[in-house]
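What follows is a set of notes on a single structure, which appears directly below.
Residue numbering restarts at 1 for every chain, and letters A, B, ... go by the order of the sequence lines.
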Amino acid sequence: MGEQLRLPGDSEHFSIPYEKLLNPAQFTAVTTTSGPLLVIAGAGSGKTRTLTYRVARLVEAGVEPDSILLLTFTRKASQEMLKRAAALLDSRCNKVSGGTFHSFANHILHRFAHIIGFENGFSIIDRTDSESLINIIRKEMGFGNKNYSFPRKKTLINIFSQAINKAIAVEDIIYDDYFQFRPAMEDICSLAREYKKRKVEHRFMDYDDLLVYLLAILKEHVSIREELSNKYQYIMVDEYQDTNLIQSEIVYLLAGEHHNIMVVGDDSQSIYSFRGANYKNIINFPDIFPNTKIIKLEENYRSTQTILNLTNIIIERAADKYSKTLFSQNRHGQIPILALTDNENSQSLWIVKQIQQLQKKGVKLNKIAVLFRASFHSFDLEIELGRKALPFVKVGGFKFMEAAHIKDVLSHLKIIVAGLDKISWYRILLLLNKIGPKTAEKIYLGLSYAGGGLEGFLTYCGSHKIASALIPLKELLQSIAPDIMTVDQLGTAVINYYTPILQARYDNYPKRMKDLEHLLTIMERYDSLDQFLTDMALEPPNTSMNKSMVADTASQNDKLTLSTIHSAKGLEWHTVFIIWALDGRFPSVHSFYNDETMEEELRLMYVAATRACSNLYFSCPRQVYDRSADMFLNQPSRFIDQLPEDVLKISYI
DNA sequence: CCACACTCATTTTTT
DNA sequence: ATGAGTGTGG
């Protein structure tokens, strides 16, 4: 265990001077290539750097690139790391297997789909699709019309998803966390069963299914598990604190044959429990893999010591953690400031003023970020920024792929690939005049009776009234030849057809039209419609502007960032503003009576504050009334309240 | 019976 | 900016 990989040459023959370029802890992490390894990487401690060098090291030592598996939180992260590794060493690093758990699962399941009963493949449905399907079923089964309250579709999918990701029965989730829906328990459970059944019938997989089926295959088919484990001889998992139970089991089985498994993470930065992430995975890792070597990276290369003094205090209050204290060589810096303002708007104005002053001092806008707990927290600020013509990009919150008009266009494309996709047919049909839910159901039944797909639909004839309503759609689908047309030709055809509908439905259609043009430019890069749709479900672009596609002029790149804290994970800025640092907003009132949720809010504040390199500001209005909780919020966030003057300065605006 | 226009409420975080 | 619920009119 812990023995170093020795291959022809040994260390003096490595072309990269690892020892010189890394600090001692990083160097040990990079050169410990066999056996289980847990790296606790504090914020800004060079985690990405360590992973990158480790990939290069393995490849340089002669390991086949595609037998290295690098699992990351976003595909962007893995591409970035492999790109950097390739720049360090050579292009072999680009052949390393990598991606998110979900994209990896998709890749494997594609190969073994027949084993789990998906002989004809499957398509991936995103969260909104799941919601629509649940809603369709709910209406069919007549739930929600009774005298007790029934959860809305968002809540339902949350319940189902938590049940799966935490391996808890739906009944128990309701009993523990959704007490108000206990009268509807029976209905909810049968809805859950029906949802599961319906997904199989339609060959749909939601995000959770990807992981569940992968785990099932690994568990039940020893030969496949061994084959995969032998193929992926070196496994690395980034952001391990945000994995859930299923993911940790997948990792365990994949590493089963060799235990060459390195996980990197920071239990203090676990912020995804709402989707089943469990920071205990990282705490328990050494128990699951005996003889785990543990390395802590504690030197911070990002922030000044004045910022770390504050963040260390914040995280000290966390109950259960690998204790670590970050330190920086950068001793001097400005003490973080908490600004108390009269109300929400004066908070926005204060932020704008600070940003303008920073600009005068020569700080570029793209070095500044405003972070917040929930995406609607920035609405007022967005208006003020607009007034002062300060350009910004917003990350997180409402997503490009979830906008109604994008989903509309995608639905038309989906029925070309999967002719019986009920979710998409519904969506398309409801766009037409004279067609509501009932008629849509009728048409759907008719076209599936006729064999489904384009042909089924084209041969379907309903009553006169229905037939005339369907004429434009039939014309579109008649003109489409999926085998001959390119992906963007198909997209163009659909968008041309959809444009009049868009104009009739939305006052702001020019803006939405631009989004559709953007969608087309993405489609141009694909030569398989199926692949395009899969990627849109698995790795949707999360801002409406894709940086790599815009010419890199200085002015276009120099924008302020507005971001949810979740979306800011792993990033850093010269100056960071954390707005709404108000007790009740952050932490949110929803977490007041739940210790575990409160702990997570604390970690979230830690993540936010550790994004800052030089300047860190908090702000909050002195008092606001919260209607839903029926209380006045008038205390700064408990995570930064009552701190000594030399750690946090308070400023009354 | 069914579509549609209108109202009101409601928003944590996301692969 | 959407979703659910309600009343009207076809």
Aromatic rings A:Tyr240 and A:Phe285: how do their planes relate, parallel, tilted or perpendicular, breaks at 30° and 60°? perpendicular
In whole angstrom, give the distance that lies between atom NE2 of A:His377 and atom C1' of B:dT11. 10 Å
Which nucleotide in the list B:dT15, B:dT14, B:dC2 gets nearest to the side chain of A:Thr564? B:dT14
Does B:dT14 have its OP1 or OP2 closer than 4.0 Å to a side-chain nitrogen or oxygen of A:Ser567? yes
Without decimals, in angstroms, what is the distance between A:Phe376 CZ and B:dT11 P? 10 Å
By the 4.0 Å heavy-atom rule, please label A:Phe101 as base, sugar-phosphate, or nothing. nothing
For the residue pair A:Arg152 and A:Asn158, confirm or rule out a side-chain donor-acceptor distance under 3.5 Å. no
Distances under 3.5 Å between nitrogen or oxygen atoms of protein and nucleotides 5-7 of chain B:
none

Just jot down the ring pair (Phe, Tyr, Trp, His ring centres under 6.0 Å) partners of A:Phe73, sequence neighbours excluded, or say none. A:Tyr272
Rounded to the nearest angstrom, tell me the gap between atom CG in A:Asp129 and atom C1' in B:dT14. 15 Å
Could you tell me which non-hydrogen atom of A:Ala440 sits nearest to which non-hydrogen atom of A:Ile435, and how far apart they are? N-CG2, 3.9 Å
In whole angstrom, give the distance that lies between atom CG of A:Asn158 and atom P of B:dT14. 13 Å
Under-4.0 Å salt bridge between A:Arg427 and A:Asp129: no
Can you tell me if NZ on A:Lys474 sees more than 12 non-hydrogen neighbours from other groups inside 6.0 Å? yes
Rounded to the nearest Å, what distance is computed from the NZ atom of residue A:Lys394 to the C1' atom of nucleotide B:dT11? 11 Å
Using atom CD1 of A:Ile443 as one end and atom P of B:dC2 as the other, report the distance to the nearest whole Å. 13 Å
For DNA chain B, which residues of residues 423-437 of chain A approach it to below 4.0 angstrom with any heavy atom? A:Asn433, A:Lys434, A:Ile435, A:Gly436, A:Pro437
More 5' along DNA chain B: A:Lys438 or A:Leu538, using each one's nearest nucleotide? A:Lys438
Verify the ring-centre separation between A:Phe104 and A:Tyr232: is it less than 6.0 angstrom? yes
Rounded to whole Å, please give me the gap between CD in A:Gln247 and C1' in B:dT14. 12 Å
Hey, can you tell me if A:Trp580 and A:His377 have their rings parallel, tilted or perpendicular (30° and 60° cut-offs)? tilted
Have a look at A:Thr100 and say if it touches a base, only the backbone sugar-phosphate, or nothing, with a 4.0 Å heavy-atom cut-off. sugar-phosphate
Ranking A:His566 and A:Lys442 by the position along DNA chain B of their nearest nucleotide, the one closer to 5' is A:Lys442
Heavy-atom nearest pair, A:Asp206 first then A:Lys199, reads OD2-NZ, 3.0 Å
Who are the side chain to side chain donor-acceptor pair (under 3.5 Å) partners of A:Thr243, not counting sequence neighbours? A:Asn281
Within the sub-3.5 Å range, which N or O atoms of nucleotides 1-4 of chain C have a protein N or O partner, and how far apart are they?
from, atom 1, to, atom 2, distance (Å)
C:dT2, OP1, A:Ala404, N, 3.4
C:dT2, OP2, A:Arg512, NH2, 2.8

Apply ring pair (Phe, Tyr, Trp, His ring centres under 6.0 Å) to A:Tyr526 and list each qualifying residue two or more places apart in sequence or on a separate chain. A:Phe532
Strictly below 4.0 Å, N to O, side chains only: are A:Glu441 and A:Lys422 in salt-bridge contact? yes
Output the rounded distance in Å from CD (A:Glu239) to P (B:dT14). 14 Å
